[in-house]
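By convention in this document, chain letters (A, B, ...) are assigned in the order of the sequence lines, proteins followed by strands, and residues within each chain are numbered from 1.
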Amino acid sequence: MSQKVLITSALPYVNGVPHLGHLVGCLLPSDVFARFNRLLGNEVLYIGGTDEYGTPTEVGALKEGIPVREYVDKYFNVHKETYDKFNLSFNKLGRTSTDTHTKLVQSVFLELKENGYIENKEIEQVYSIKDDMFLADRYIEGTCPKCGYEKARGDQCDKCGSLLDPVDLINPYSVISGSHDLEVRKTEHAFLKLKSMQGLVEDWIKTRVGWSKVALSIANKWLKEGLKDRCITRDIKWGIPVPDMPGKVFYVWFDAPWGYVSISQKWAEETGGDWKRFWFENDTRYYQFMGKDNVPFHSVMFPAEELATTTKWKTVDVLKGLNFLNFGDGKFSKSLGNGFSGLDAVELFDVDYWRYWLMANSPESDDAEFTFNIFADQINKDLNDILGNFVLRVLKFCRSKFGTNVPENFGNTDVENKLFSQLDEKVEEYNFALSNLEFRKATKALREIWVLGNEYIANSEPWSVIKTDEKRAMTIIHNSIKLIALFGVLSQPIMPGVAKKLLAFVGVEKENLWVNDNVEDFVNSLIVSGNEIFVPDTLFEKIDDVKVAELKEKYKG
RNA sequence: CGCGGGGUAGAGCAGCCCGGUAGCUCGUCAGGCUCAUAACCUGAAGGUCAUUGGUUCAAAUCCAGUCCCCGCAACCA
């Protein structure tokens, strides 16, 4: 039965270029899951986009000397290009700097206010006269009063680790202009009364099942420590204007998650789709994907906002929080000069190499590690030696002995019966892992399915059998070609490009096929004797030691 | 005593929730095969499951303590 499935990937901050960390943490797993659900015949709305408001964008534009609008457009295009290159199958890739989004967020705010969850308070903040703006804590630096470190940030000293208040810094200055001309001013801000929403969130979270471990433990940590009221407005220009508070805009974490809704609305506008079916009806399953740094906002703050409004929004059913991908020993961070962007990555290797590797190493239980050595080993072994080699040995053998049409099947034996029952088992495992968002397990099952192909060929030895029993050899190759078709179908969610190639080799033109149970019946429906096959020279290319050494040198990984 | 995650063969990981002969991939060694990108298949060696104590007929798995690594500490998203 078809199920409505809403899938959202965390909206990366538009500032800067997306790197492998973003891809592994939310973008790719959500795409694999979306593709999988479409193949199952489910009705999928898959939403992605960029988060564009906030101080860092404003400051970034200032640094590049261009208007903020131009700045976010420029970086949105970088994001879009990256996602396109990674074959992400969003139904809509949107942004938060739209009128639709503004209207939505303002109405949410007004509903919360109406329901008594907003409170205005006057607070003191550091103001930079030269920059003509209030400074967020991290935009103030000065000498740490505790250890004397000269570049301590307003919220924390990176040297001694103490938590600071910006007013305690000795000789503070603005990070933006370097100006020391600062003063403390009073300013009024709106606060979201999270403290009074604690019970609401707690009761709700108890009804959720299937969350990843890291997601649940972070959410529970926040609840256990007790929620605190949180300031949701800012004194900057680039943001959504707060109703009845001139000069104020919303704090990005108040508005960003609502992007999932506003982008759905945009999708509906453009396609005529019905966004309300996904956001208001209870038979929708809602899955969110994000890195662990985003968990508190999605597990506590956003649901609290949804629950406290008058409108009955669909809240997340399954929240998949992922850990981080580290680059060698350190962080995957372009600003530190190590690591590389998503665009660099697809320049280096076929996108499906990355999609496969990143899913095979999905940081589900702990942070994962990327090095070129590990990457090359796995690509060479899994894709080249196991999958690629199987496909080529079958197709080339077929061409040289029987020509480029699928040979006849003269009757399966116990060997094939055993093969298909093993395949049934593994395919079930694969489906189960994908349904449960266990991408490492899924990739492992897929790999084991490929191995079954090599085992089958090795044990049944068509190259010897053909000398005495040509019909038996034809039967073996017939079945092996069916395996290639099966591999193609199963590879679709993870490696859409490779899947297409595999299916083309064996002449399967039908799209959007999937297999749930009986593998033998399924492949019989795909491949018929006499079908024409296409034999490529190669399928994958190995990454040799020279290349690895080169890349390690270039990217310090 | 801030919080969370992790510590399992040379490397990377699974198993832990629901205790019952310690598993996967790479690497190493041996054998088979020669259709295939020196690829594939089979087998072997290699671990007192960080550490100490407890519960139990039985603990990698449950409980308590200790040590080490990583991340986060709510105005960076």
Side-chain angles (χ1 to χ4, degrees), chain A residues 10-16 51 53-57 59 123 125-126 134-140 153-156 161 163 165-166 189 194 213-214 216-222 224-225 227-235 251-253 256 291-297 300-301 323-324 326 329-331 360-361 363-369 371 373-374 376-378 380-386 388-401 438 440-441 444 447-448 451 453-466 473 476-477 480 537-542:
Chain A
L11 310 180
Y13 204 57
V14 75
N15 207 10
D51 170 18
Y53 287 126
T55 318
T57 348
V59 173
I123 56 170
Q125 268 205 303
V126 176
F134 283 95
L135 297 175
D137 291 355
R138 67 174 307 216
Y139 287 105
I140 305 159
R153 292 202 320 255
D155 50 348
Q156 180 176 7
L163 294 179
D165 200 303
H189 278 292
L194 278 172
K213 191 172 177 177
V214 65
L216 206 58
S217 55
I218 291 175
N220 284 331
K221 175 205 150 187
W222 274 52
K224 201 174 133 198
E225 288 178 2
L227 301 182
K228 297 174 194 166
D229 291 352
R230 184 158 179 145
C231 180
I232 55 162
T233 55
R234 295 288 183 273
D235 284 298
Y251 168 49
V252 277
W253 271 119
K292 62 180 166 186
D293 51 339
N294 280 330
V295 168
F297 305 100
V300 176
M301 197 163 157
N323 291 288
F324 294 143
N326 293 322
D329 293 335
K331 275 198 175 188
N361 294 280
E364 285 164 343
S365 59
D366 193 7
D367 289 356
E369 188 187 0
T371 69
N373 279 327
I374 298 173
D377 281 352
Q378 274 184 302
N380 289 344
K381 191 66 190 174
D382 294 2
L383 294 188
N384 284 275
D385 293 351
I386 297 181
N389 182 50
F390 174 79
V391 171
L392 292 182
R393 71 198 295 204
V394 168
L395 293 177
K396 287 185 178 176
F397 185 85
C398 181
R399 179 175 60 189
S400 75
K401 306 295 180 190
E438 294 176 308
R440 250 182 212 253
K441 269 190 194 166
K444 186 169 171 250
R447 193 195 119 101
E448 285 166 355
V451 170
N454 278 314
E455 276 178 30
Y456 173 61
I457 284 273
N459 295 334
S460 47
E461 302 182 326
W463 51 87
S464 323
V465 170
I466 195 169
I476 293 164
I477 293 306
S480 300
D537 290 334
T538 57
L539 179 53
F540 299 108
E541 264 181 49
K542 286 206 180 187

Item to check | salt bridge (charged side-chain N to carboxylate O under 4.0 Å, His left out) partners for A:D385, two or more places apart | outcome: A:K542
Checklist entry - Taking CZ from A:R234 and P from B:rC75, how many angstroms apart are they, rounded to a whole number? => result 6 Å
Checklist outcome for this item: A:D377 atom CG is separated from B:rG27 atom P, nearest whole Å, by 7 Å
Item to check | Distance in Å, A:I218 CD1 paired with A:F297 CZ, rounded so as to fall on 0.5 Å steps | outcome: 11.0 Å
What pairs of nitrogen or oxygen atoms, one from the protein and one from nucleotides 6-13 of chain B, lie under 3.5 Å apart?
| from | atom 1 | to | atom 2 | distance (Å) |
| --- | --- | --- | --- | --- |
| B:rG6 | OP1 | A:K213 | NZ | 3.0 |
| B:rG6 | O2' | A:D366 | OD2 | 3.3 |
| B:rC13 | O2' | A:R440 | NH1 | 3.4 |

Checklist outcome for this item: Across all chains, not counting sequence neighbours, the side chain to side chain donor-acceptor pair (under 3.5 Å) partners of A:Q378 are A:W357, A:N361
Item to check | Nearest-angstrom distance, P atom, B:rU8 to B:rA60 | outcome: 15 Å
Checklist entry - Are the side chains of A:S480 and A:Y456 in touch, meaning some heavy atoms are under 4.5 Å apart? => result yes
Item to check | Runs of at least three consecutive pairs that involve RNA chain B, where pairs are Watson-Crick or G-U with distances under 3.5 Å | outcome: B:2-7 with B:67-72, B:10-13 with B:23-26, B:28-32 with B:40-44, B:50-54 with B:62-66
Checklist entry - Please give, in whole Å, the distance from B:rG5 C1' to A:E364 CD? => result 15 Å
Item to check | Nearest-nucleotide comparison on RNA chain B, the residue closer to the 5′ end among A:K292 and A:I218 | outcome: A:I218
Checklist entry - Roughly how far apart, to the nearest Å, are B:rC63 and B:rC16 at atom C1'? => result 14 Å
Next on the checklist: A:A219: which residues meet the side chain to side chain contact (heavy atoms under 4.5 Å, CB included) condition with it, sequence neighbours left out?
Outcome noted: A:I205, A:W211, A:S299
Checklist outcome for this item: Residue set satisfying ring-ring contact (aromatic ring centres under 6.0 Å, His included) with A:Y13, at least two apart, ordered chain then number -> none
Item to check | B:rA77 and B:rC68, which share atom name P, separated by this distance in whole Å | outcome: 34 Å
Item to check | Straight-line distance of A:F134 CZ to A:H189 NE2, nearest 0.5 Å | outcome: 6.5 Å
Item to check | Qualifying residues under ring-ring contact (aromatic ring centres under 6.0 Å, His included), relative to A:F390, sequence neighbours excluded | outcome: A:F487
Item to check | Residues that A:D293 engages under salt bridge (charged side-chain N to carboxylate O under 4.0 Å, His left out), provided they are two or more places apart | outcome: none
Checklist outcome for this item: From CH2 of A:W253 across to P of B:rC76 the rounded distance in Å is 13 Å
Next on the checklist: Side chain of A:D293, heavy atoms from C-beta onward: which of B:rA77, B:rC75, B:rC26 has the nearest atom to it?
Outcome noted: B:rA77
Checklist entry - Given atom CZ of A:F324 and atom P of B:rG4, what is their separation to the nearest angstrom? => result 17 Å
Checklist entry - Touch check for A:I477, heavy atoms < 4.0 angstrom, all strands: base, sugar-phosphate only, or nothing? => result nothing
Checklist outcome for this item: By side chain to side chain contact (heavy atoms under 4.5 Å, CB included), A:L194 pairs with (sequence neighbours left out) A:L192, A:M197, A:L227, A:R230, A:A304
Next on the checklist: When the C1' atoms of B:rA14 and B:rG47 are compared, how many Å lie between them, rounded to an integer?
Outcome noted: 15 Å
Item to check | Distance in angstrom units between A:I232 CD1 and B:rA77 P, rounded | outcome: 14 Å
Checklist outcome for this item: Whether each nucleotide of nucleotides 29-47 of chain B has a protein heavy atom under 4.0 Å at its base (B), only at its sugar-phosphate (S) or at neither (-) is summarised, 5' to 3', as ----SSBBB-SSSS-----
Item to check | Integer-rounded Å distance: B:rA74 P and A:L227 CG | outcome: 15 Å
Next on the checklist: Between B:rA30 and B:rC69, how many Å separate the two P atoms, rounded to a whole number?
Outcome noted: 40 Å
Checklist entry - Using the C1' atom in both, what is the distance from B:rU51 to B:rG7, to the nearest Å? => result 11 Å
Next on the checklist: Using the P atom as the point on both nucleotides, what is the distance between B:rA50 and B:rA9, in whole Å?
Outcome noted: 8 Å
Next on the checklist: Regarding A:D51, tell me which of base, sugar-phosphate or nothing describes its non-hydrogen contacts under 4.0 Å with the strands shown.
Outcome noted: sugar-phosphate
Item to check | Pairwise side-chain contact, A:I466 with A:S464, heavy-atom cut-off 4.5 Å (strictly under) | outcome: no
Checklist entry - Does the base of B:rC26 carry an N or O that pairs as donor and acceptor with the side chain of A:Q378 under 3.5 Å? => result no
Item to check | A:N15: side chain to side chain donor-acceptor pair (under 3.5 Å) partners, not counting sequence neighbours | outcome: A:Y71
Item to check | Results of side chain to side chain donor-acceptor pair (under 3.5 Å) for A:R393 - residues two or more places apart only | outcome: A:N454
Checklist entry - Between atom NZ in A:K441 and atom C1' in B:rG23, what is the gap in whole Å? => result 13 Å
Next on the checklist: Please report the distance separating the P of B:rC40 from the corresponding atom of B:rU25, rounded so that it comes out in whole Å.
Outcome noted: 12 Å
Next on the checklist: For a quick test of reading the model: is some side-chain N or O of A:Y251 closer than 4.0 Å to OP1 or OP2 of B:rC75?
Outcome noted: yes
